Amino acid sequence: MAASKSRGQVDGGTIRLLIIVLLGAAVIAVPWLVHNQLVERREAVAAAWADVESNLQRRAELVPNLVRSLQAHMDYESETLVELVHERARGLREALNEARGEPARLARLEAALTHDLGRLMSRAGEHPELRSGDQFLRFQAQLEGSDNRINVARMRYNAAVRDYNASLDGFFGRWVADAMGLEPGDYFEAPAEAHEPLVVEF
(Lines give C-alpha, C1' and ligand atoms only; values in the text may rest on other atoms or scores of the structure.)
Protein backbone atom coordinates (compact mmCIF):
# COMPACT_ATOMS: atom_id res chain seq x y z
CA MET A 1 0.00 0.00 0.00
CA ALA A 2 2.84 2.43 0.96
CA ALA A 3 4.72 1.50 -2.21
CA SER A 4 1.59 2.20 -4.24
CA LYS A 5 1.18 5.70 -2.66
CA SER A 6 4.86 6.44 -3.22
CA ARG A 7 4.53 5.44 -6.86
CA GLY A 8 1.47 7.71 -7.22
CA GLN A 9 3.28 10.65 -5.64
CA VAL A 10 6.24 10.19 -7.97
CA ASP A 11 3.89 10.05 -10.95
CA GLY A 12 2.18 13.28 -9.83
CA GLY A 13 5.55 14.98 -9.34
CA THR A 14 6.74 13.76 -12.71
CA ILE A 15 3.62 15.12 -14.39
CA ARG A 16 4.07 18.53 -12.75
CA LEU A 17 7.72 18.61 -13.82
CA LEU A 18 6.76 17.65 -17.35
CA ILE A 19 4.14 20.43 -17.47
CA ILE A 20 6.71 22.97 -16.23
CA VAL A 21 9.23 21.82 -18.83
CA LEU A 22 6.62 22.01 -21.63
CA LEU A 23 5.50 25.48 -20.55
CA GLY A 24 9.12 26.64 -20.40
CA ALA A 25 9.76 25.25 -23.87
CA ALA A 26 6.64 27.01 -25.20
CA VAL A 27 7.72 30.32 -23.65
CA ILE A 28 11.04 30.00 -25.49
CA ALA A 29 9.76 28.44 -28.72
CA VAL A 30 6.81 30.75 -29.48
CA PRO A 31 8.80 34.02 -29.54
CA TRP A 32 11.55 32.29 -31.52
CA LEU A 33 9.02 31.06 -34.11
CA VAL A 34 7.34 34.48 -34.25
CA HIS A 35 10.76 36.12 -34.69
CA ASN A 36 11.58 33.80 -37.59
CA GLN A 37 8.20 34.46 -39.19
CA LEU A 38 8.64 38.24 -38.89
CA VAL A 39 12.12 38.10 -40.39
CA GLU A 40 10.87 35.93 -43.27
CA ARG A 41 7.93 38.25 -43.99
CA ARG A 42 10.08 41.37 -43.71
CA GLU A 43 12.42 39.86 -46.31
CA ALA A 44 9.43 39.06 -48.55
CA VAL A 45 8.41 42.74 -48.33
CA ALA A 46 11.95 43.83 -49.26
CA ALA A 47 12.07 41.44 -52.22
CA ALA A 48 8.65 42.55 -53.46
CA TRP A 49 9.67 46.20 -53.12
CA ALA A 50 12.80 45.55 -55.19
CA ASP A 51 10.52 44.23 -57.97
CA VAL A 52 8.40 47.39 -57.81
CA GLU A 53 11.48 49.61 -58.04
CA SER A 54 12.92 47.57 -60.89
CA ASN A 55 9.74 47.89 -62.93
CA LEU A 56 9.41 51.61 -62.19
CA GLN A 57 13.02 52.09 -63.29
CA ARG A 58 12.42 50.15 -66.50
CA ARG A 59 9.43 52.30 -67.45
CA ALA A 60 11.18 55.55 -66.53
CA GLU A 61 14.07 54.55 -68.81
CA LEU A 62 11.70 53.96 -71.73
CA VAL A 63 10.46 57.55 -71.62
CA PRO A 64 13.53 59.33 -73.13
CA ASN A 65 13.37 57.04 -76.18
CA LEU A 66 9.63 57.65 -76.50
CA VAL A 67 10.19 61.40 -76.20
CA ARG A 68 12.81 61.34 -78.97
CA SER A 69 10.43 59.49 -81.27
CA LEU A 70 7.63 61.99 -80.64
CA GLN A 71 9.45 65.34 -80.67
CA ALA A 72 9.66 65.66 -84.45
CA HIS A 73 5.89 65.27 -84.82
CA MET A 74 4.49 67.40 -81.99
CA ASP A 75 3.31 71.00 -82.07
CA TYR A 76 4.39 73.64 -79.55
CA GLU A 77 1.71 72.82 -76.95
CA SER A 78 2.50 69.13 -77.18
CA GLU A 79 6.22 69.83 -76.97
CA THR A 80 5.58 71.30 -73.52
CA LEU A 81 3.81 68.08 -72.56
CA VAL A 82 6.68 66.02 -74.00
CA GLU A 83 9.13 67.98 -71.85
CA LEU A 84 6.91 67.56 -68.79
CA VAL A 85 6.81 63.78 -69.26
CA HIS A 86 10.56 63.75 -69.78
CA GLU A 87 11.07 65.68 -66.52
CA ARG A 88 8.63 63.43 -64.63
CA ALA A 89 10.54 60.36 -65.77
CA ARG A 90 13.86 61.96 -64.78
CA GLY A 91 12.40 62.84 -61.36
CA LEU A 92 11.21 59.28 -60.86
CA ARG A 93 14.61 57.86 -61.85
CA GLU A 94 16.35 60.21 -59.40
CA ALA A 95 13.86 59.35 -56.65
CA LEU A 96 14.44 55.65 -57.23
CA ASN A 97 18.12 56.27 -56.52
CA GLU A 98 17.48 58.50 -53.49
CA ALA A 99 14.21 57.32 -51.95
CA ARG A 100 14.76 53.64 -51.35
CA GLY A 101 12.02 52.29 -49.15
CA GLU A 102 9.73 55.34 -49.50
CA PRO A 103 6.61 53.87 -51.15
CA ALA A 104 4.41 56.93 -50.56
CA ARG A 105 6.80 59.33 -52.30
CA LEU A 106 7.43 57.00 -55.22
CA ALA A 107 3.70 56.31 -55.57
CA ARG A 108 3.04 60.04 -56.01
CA LEU A 109 5.82 60.40 -58.59
CA GLU A 110 4.71 57.27 -60.44
CA ALA A 111 1.08 58.45 -60.52
CA ALA A 112 2.10 61.83 -61.95
CA LEU A 113 4.21 60.17 -64.65
CA THR A 114 1.40 57.74 -65.50
CA HIS A 115 -1.10 60.59 -65.81
CA ASP A 116 1.11 62.70 -68.06
CA LEU A 117 2.15 59.70 -70.16
CA GLY A 118 -1.54 58.99 -70.76
CA ARG A 119 -2.08 62.58 -71.89
CA LEU A 120 1.00 62.44 -74.11
CA MET A 121 0.01 59.16 -75.73
CA SER A 122 -3.46 60.55 -76.36
CA ARG A 123 -2.00 63.62 -78.08
CA ALA A 124 0.40 61.43 -80.05
CA GLY A 125 -2.60 59.45 -81.27
CA GLU A 126 -3.77 62.57 -83.11
CA HIS A 127 -0.86 62.18 -85.56
CA PRO A 128 -1.52 59.56 -88.27
CA GLU A 129 2.18 59.29 -89.14
CA LEU A 130 2.91 58.26 -85.54
CA ARG A 131 0.00 55.83 -85.27
CA SER A 132 1.30 53.90 -88.24
CA GLY A 133 4.99 54.08 -87.33
CA ASP A 134 6.71 50.92 -86.13
CA GLN A 135 8.87 52.75 -83.61
CA PHE A 136 5.93 54.48 -81.91
CA LEU A 137 3.87 51.27 -81.83
CA ARG A 138 6.83 49.43 -80.34
CA PHE A 139 7.24 52.05 -77.58
CA GLN A 140 3.52 51.99 -76.94
CA ALA A 141 3.61 48.19 -76.51
CA GLN A 142 6.64 48.43 -74.23
CA LEU A 143 4.92 51.04 -72.05
CA GLU A 144 1.77 48.93 -71.80
CA GLY A 145 3.89 45.93 -70.83
CA SER A 146 5.72 48.01 -68.22
CA ASP A 147 2.44 49.26 -66.79
CA ASN A 148 1.20 45.68 -66.47
CA ARG A 149 4.41 44.57 -64.76
CA ILE A 150 4.23 47.55 -62.38
CA ASN A 151 0.65 46.68 -61.45
CA VAL A 152 1.55 43.04 -60.78
CA ALA A 153 4.62 44.06 -58.74
CA ARG A 154 2.53 46.59 -56.79
CA MET A 155 -0.10 43.95 -55.95
CA ARG A 156 2.57 41.45 -54.83
CA TYR A 157 4.28 44.09 -52.72
CA ASN A 158 1.03 45.16 -51.06
CA ALA A 159 0.16 41.52 -50.36
CA ALA A 160 3.58 41.01 -48.75
CA VAL A 161 3.07 44.15 -46.63
CA ARG A 162 -0.40 42.95 -45.61
CA ASP A 163 1.01 39.57 -44.45
CA TYR A 164 3.89 41.23 -42.63
CA ASN A 165 1.65 43.78 -40.90
CA ALA A 166 -0.78 41.03 -39.88
CA SER A 167 2.14 39.18 -38.26
CA LEU A 168 2.81 42.26 -36.12
CA ASP A 169 -0.76 42.43 -34.80
CA GLY A 170 -0.79 39.46 -32.41
CA PHE A 171 0.40 39.62 -28.81
CA PHE A 172 3.64 37.75 -29.47
CA GLY A 173 4.09 39.48 -32.83
CA ARG A 174 3.88 42.94 -31.26
CA TRP A 175 6.11 41.93 -28.35
CA VAL A 176 8.80 40.48 -30.62
CA ALA A 177 8.47 43.35 -33.12
CA ASP A 178 8.94 45.91 -30.34
CA ALA A 179 12.03 44.05 -29.14
CA MET A 180 13.41 44.03 -32.72
CA GLY A 181 12.41 47.64 -33.41
CA LEU A 182 10.15 46.64 -36.33
CA GLU A 183 7.47 48.97 -37.66
CA PRO A 184 4.52 48.15 -39.93
CA GLY A 185 5.23 48.40 -43.66
CA ASP A 186 3.77 51.09 -45.92
CA TYR A 187 1.54 50.14 -48.82
CA PHE A 188 2.36 51.32 -52.32
CA GLU A 189 -0.81 53.24 -53.13
CA ALA A 190 -1.32 55.90 -55.74
CA PRO A 191 -3.11 59.08 -54.68
CA ALA A 192 -6.89 59.02 -55.13
CA GLU A 193 -6.83 61.18 -58.26
CA ALA A 194 -4.54 58.69 -59.98
CA HIS A 195 -7.25 56.02 -60.01
CA GLU A 196 -9.09 57.77 -62.85
CA PRO A 197 -8.67 55.61 -65.96
CA LEU A 198 -6.50 57.01 -68.72
CA VAL A 199 -8.04 56.55 -72.15
CA VAL A 200 -5.75 56.60 -75.16
CA GLU A 201 -7.80 56.99 -78.34
CA PHE A 202 -6.47 56.33 -81.81
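Below, each value reflects all heavy atoms present in this structure, side chains not excepted, and no hydrogens, waters or symmetry copies. The structure displayed is predicted, hence computed values, not measured ones. Heads up: numbering here begins at 1 and tracks the sequence.
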> Distance check, rounded to the nearest 0.5 Å: Arg156 atom CZ versus Trp49 atom CH2?
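Those atoms lie 15.5 Å apart.
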> Can you find a heavy atom in the side chain of Leu182 that is under 4.5 Å from one in the side chain of Tyr164?
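Leu182 reaches Tyr164 side chain to side chain.
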> To the closest 0.5 Å, what do you measure between CG (Asp51) and CG (Leu56)?
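It is 11.0 Å, given to the nearest 0.5 Å.
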> Looking just at side-chain N and O atoms, do Arg58 and Asn55 make a donor-acceptor pair shorter than 3.5 Å?
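No - no donor-acceptor pair under 3.5 Å links their side chains.
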> At their closest point, which heavy atom of Ala60 faces which heavy atom of Leu92, and how far apart are they?
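Heavy atoms only, the tightest pair is CB-CD2, 4.3 Å.
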> Indicate yes or no: at least one non-hydrogen side-chain atom of Asp147 is less than 4.5 angstrom from one of Arg59.
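Counting from C-beta outward, Asp147 and Arg59 do come under 4.5 Å.
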> Of all heavy-atom pairs between Asp116 and Val85, which one has the smallest distance, and what is that distance?
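Heavy atoms of Asp116 and Val85 come nearest at O-CG2, 3.5 Å.
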> Quick one: does Pro64's side chain get under 4.5 Å of Arg93's, heavy atoms only?
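With C-beta onward as the side chain, the pair touches.
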> Considering only heavy atoms from C-beta outward, does the side chain of Arg154 approach that of Asn158 to under 4.5 Å?
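Yes, side chains in contact.
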> Does Glu40 CD have over 12 foreign heavy atoms under 6.0 Å away?
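Atom CD in Glu40 is not packed in, count stays at 12 or less.
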> Which heavy atom in Tyr157 sits nearest to a heavy atom in Ala48, and how many Å separate them?
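Here Tyr157 and Ala48 meet closest at CA-CB, 3.5 Å.
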> Determine the minimum heavy-atom distance between Leu62 and Ser146, stating which atoms define it.
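Minimum heavy-atom separation between Leu62 and Ser146: CD1-OG, 3.5 Å.
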> Assess, by modelled atom type and distance only, whether the side chains of Glu110 and Thr114 contain a donor and an acceptor separated by less than 3.5 Å.
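Note: Glu110 and Thr114 side chains meet the donor-acceptor criterion.
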> Without swapping roles, check the side chain of Asp186 against the backbone of Pro103 for a donor-acceptor pair under 3.5 Å.
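Checking the backbone N and O of Pro103 against the side chain of Asp186, no donor-acceptor pair under 3.5 Å is found.
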> What are the two closest heavy atoms between Val45 and Ala160, and how far apart are they?
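The pair with the smallest heavy-atom distance is CG2-O, 3.4 Å.
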> Count I, L, V, M, F, W, Y as connected when their side-chain heavy atoms are under 4.5 Å apart, and connections chain through other members. Are Leu168 and Met180 then in the same cluster?
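Per the 4.5 Å side-chain linkage, Leu168 and Met180 are co-clustered.
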> Hydrophobic clustering (ILVMFWY, side-chain heavy atoms < 4.5 Å, transitive) - are Val152 and Val161 grouped together?
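The answer is no; the residues belong to distinct hydrophobic clusters.
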> Taking side chain as C-beta onward, heavy atoms only, is Arg42 less than 4.5 Å from Gln37?
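They are not in side-chain contact.
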> Is the number of heavy atoms from other residues, nucleotides or ligands within 6.0 Å of CZ (Arg149) greater than 12?
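Yes, because the 6.0 Å sphere around CZ of Arg149 holds more than 12 heavy atoms from other groups.
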> Side-chain contact test, heavy atoms from C-beta onward, threshold under 4.5 Å: evaluate it for Asn165 versus Arg41 and give yes or no.
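The answer is no, as the side chains (C-beta and beyond) never meet within the 4.5 Å cut-off.
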> Show, in sequence, the C-alpha distance, side-chain angles and deciding distance for Glu53 and Gln57, and conclude whether the side chain to side chain donor-acceptor pair (under 3.5 Å) test is met.
CA-CA 6 Å; Glu53 287 184 327; Gln57 184 75 33; over 6 Å; no
> How close do Ala107 and Glu189 get, counting heavy atoms only, and between which atoms?
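Of all heavy-atom pairs spanning Ala107 and Glu189, the closest is CB-O, 3.1 Å.
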